[in-house]
Amino acid sequence: MNAPDKSIATAALASIEHWVGGRIVPGQSGRRADVFNPATGVVSGRVALASAEEVAAAVATAQAAFPAWADTPPIRRARVMFKFLELLNKHKDDLARILTAEHGKVFSDAQGEVMRGIEIVEFSCGIPQLLKGQYTDQVSTGIDNWTLRQPLGVVAGITPFNFPAMVPMWMFPVAVAAGNCFVLKPSPLDPSASLLMARLFKEAGLPDGVFNVVQGDKDAVDALLEHPDVKAISFVGSTTVAQKIYETGARFGKRVQALGGAKNHMVVMPDADMEQAADALIGSAFGAAGERCMAVSLGVLVGSAADKLIPVLAERTRALKVKNGTDPDAEMGPVISGAAHQRIAGYIAQGETEGAKLVVDGRKFQGAAAGSGCDNGFWLGGTLFDNVTADMKIYKDEIFGPVLGCARVKDMAEALELVNSHEYGNGVACFTRDGNVAREFARRVQVGMVGINVPIPVPMAWHGFGGWKKSMFGDMHAYGEEGVRFYTKQKSIMQRWPESIAKGAEFMFPTSK
């Protein structure tokens with residue numbers, strides 16, 4: 001087929017369907033949901049919502065494609081991945097435009113999301129090396145032992161609205177490169193990116209049925225969880241849903257990695273570079289309107305750092321360029337939906353009620369200021385709270401919006417106690433010039449991903465992503481070498497030949513001889 005261009009992305013917005021067996025498959029359930037442009041509040045498309053029967057058909061297609069794909073030599077699978085990588089790089093801005101149109105994030109941020117996903121595809125191109133097992137000659141007399149890794153079969157990914165390109169690419173490139181067939185269930189809020197990726201994958205030479213997209217809601221999720229031919233589930237979303245998916249998937253005998261919520265802290269020591277700390281807090285709190293699982297939503301300001309930073313943060317929060325994401329000057333776009341807007345505004349009101357100091361109130365922002373046609377969009381400005389304490393709901397909960405709270409503590413010990421006592425343990429940062437403080441913080445903090453003078457410490461493609469505590473359910477992180485292990489099963493083989501076998505039955509447990 002010809003290379004996709006901007007017209008393909010635009011055409012997909014009108015009627016957003018499934019992708020099964022290498023082609024668009026119209027929804028048959030009779031159920032559809034509106035897809036909005038968050039900047040304008042205008043419906044930009046209608047997405048099909050799959051029934052359990054449609055999910056079963058997609059799984060059956062993937063299952064039929066699995067034997068031949070699993071038997072394809074890894075080097076040939078890698079060549080498909082290399083071609084897919086080439087096409088993604090060619091069409092990365094097309095993909096980013098879809099993200100801005102359906103999610104609302106500013107275009108430069110959308111470009112960054114796409115590139116971080118592309119890095120996982122780059123990693124997956126090394127699958128021949130990544131699948132190498134171990135070999136031991138002569139483990140016992142005349143016996144050799146080796147291990148190999150084999151694909152699981154049909155695996156599925158359930159992905160969130162906030163990263164409609166990157167998070168699916170955390171999953172399916174590794175899974176497919178390892179020899180599995182994949183069913184992706186994206187968010188119905190911004191589903192079109194999945195179809196462009198599917199088209200590009202087919203153009204790269206991927207056999208039909210190896211990668212499938214089923215649009216849908218809870219019905220589709222439940223069908224994937226219960227289907228006996230789905231061997232593994234990867235999920236990113238809220239903690240409540242992540243825990244349910246982990247427990248349900250395990251009950252149905254599946255391998256599960258379920259990444260949940262977060263409340264990411266950034267500790268600022270008095271010796272930190274305050275300009276850099278302010279830049280980091282503003283960018284990490286308000287980028288993508290705070291709708292990131294790695295967004296810093298709580299600044300932990302140690303000692304004199306608070307009085308230095310709060311005025312600077314207030315000034316920069318008020319000065320945020322909140323605009324339509326298509327505006328090259330934009331720093332922050334709208335939130336994803338009207339429901340999200342209402343929920344976030346409710347948290348801001350609750351923070352006031354609980355006694356936090358509301359320094360900047362983002363509810364006052366008017367959509368008309370964001371650009372032409374934005375009057376009815378889902379707009380909030382940046383919000384800044386001071387004097388947040390651990391007993392407040394705005395501290396405990398993941399708000400998932402452009403709200404930055406600041407807590408004041410006297411020293412590093414109190415900062416660590418605050419961070420470690422939270423139920424989430426996804427990401428954390430510490431800004432300091434003191435090497436010993438940095439080392440002790442990194443060792444003692446009970447969080448899965450740590451940044452030292454790095455506000456959003458998302459690991460690179462070959463390291464793997466995953467939090468601690470209620471931020472992740474499952475034993476193996478997303479992507480990286482743990483991702484390869486998650487999507488494969490190890491087989492151990494011991495071998496000897498008749499000439500080396502001693503005469504007579506042996507009844508003792510075998511030992512090395």
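For Ser492 and Asn145, the side-chain atoms include at least one donor-acceptor pair closer than 3.5 Å.
Within the 3.5 Å criterion, the main-chain N or O of Gly209 finds no donor-acceptor partner in the side chain of Trp69. For the pair Asp93 (side chain) and Gln111 (backbone), a donor-acceptor distance under 3.5 Å is absent.
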Quiz item: What do the steps show when you test Phe84 against Leu206 for side chain to side chain contact (heavy atoms under 4.5 Å, CB included), and what is the final call?
Solution: CA-CA 9 Å; Phe84 183 46; Leu206 190 72; over 6 Å; no
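A salt bridge is absent between Glu113 and Arg116; no separation between the charged side-chain nitrogens and carboxylate oxygens falls under 4.0 Å.
Within a 6.0 Å radius of NZ in Lys469, other residues, nucleotides and ligands contribute more than 12 heavy atoms. No more than 12 heavy-atom neighbours from other residues, nucleotides or ligands sit within 6.0 angstrom of CD on Gln134. Residue-environment remark: CG (Asp229) exceeds the threshold of 12 foreign heavy atoms within 6.0 Å. In the displayed structure, Arg31 atom CZ is contacted under 6.0 Å by more than 12 heavy atoms of other residues, nucleotides or ligands.
Of the listed residues (Lys92, Met166, Glu119, Met197), just one forms a side-chain contact (heavy atoms from CB on, under 4.5 Å) with Val114, and that residue is Lys92.
Aromatic ring centres of Trp462 and Phe123: separated by at least 6.0 Å.
Legend: residues meeting salt bridge (charged side-chain N to carboxylate O under 4.0 Å, His left out) with Glu423, ordered by chain and number and at least two apart, are Lys470.
Note: Phe172 and Phe211 have tilted aromatic rings, judged against thresholds of 30 and 60 degrees for the angle between ring planes.
Closest non-hydrogen pair, Asp329 versus Lys321, comes out as OD1-NZ, 3.2 Å.
Taking CD1 from Ile456 and CE from Met294, the interatomic distance works out to 7.5 Å, rounded to the nearest 0.5 Å.
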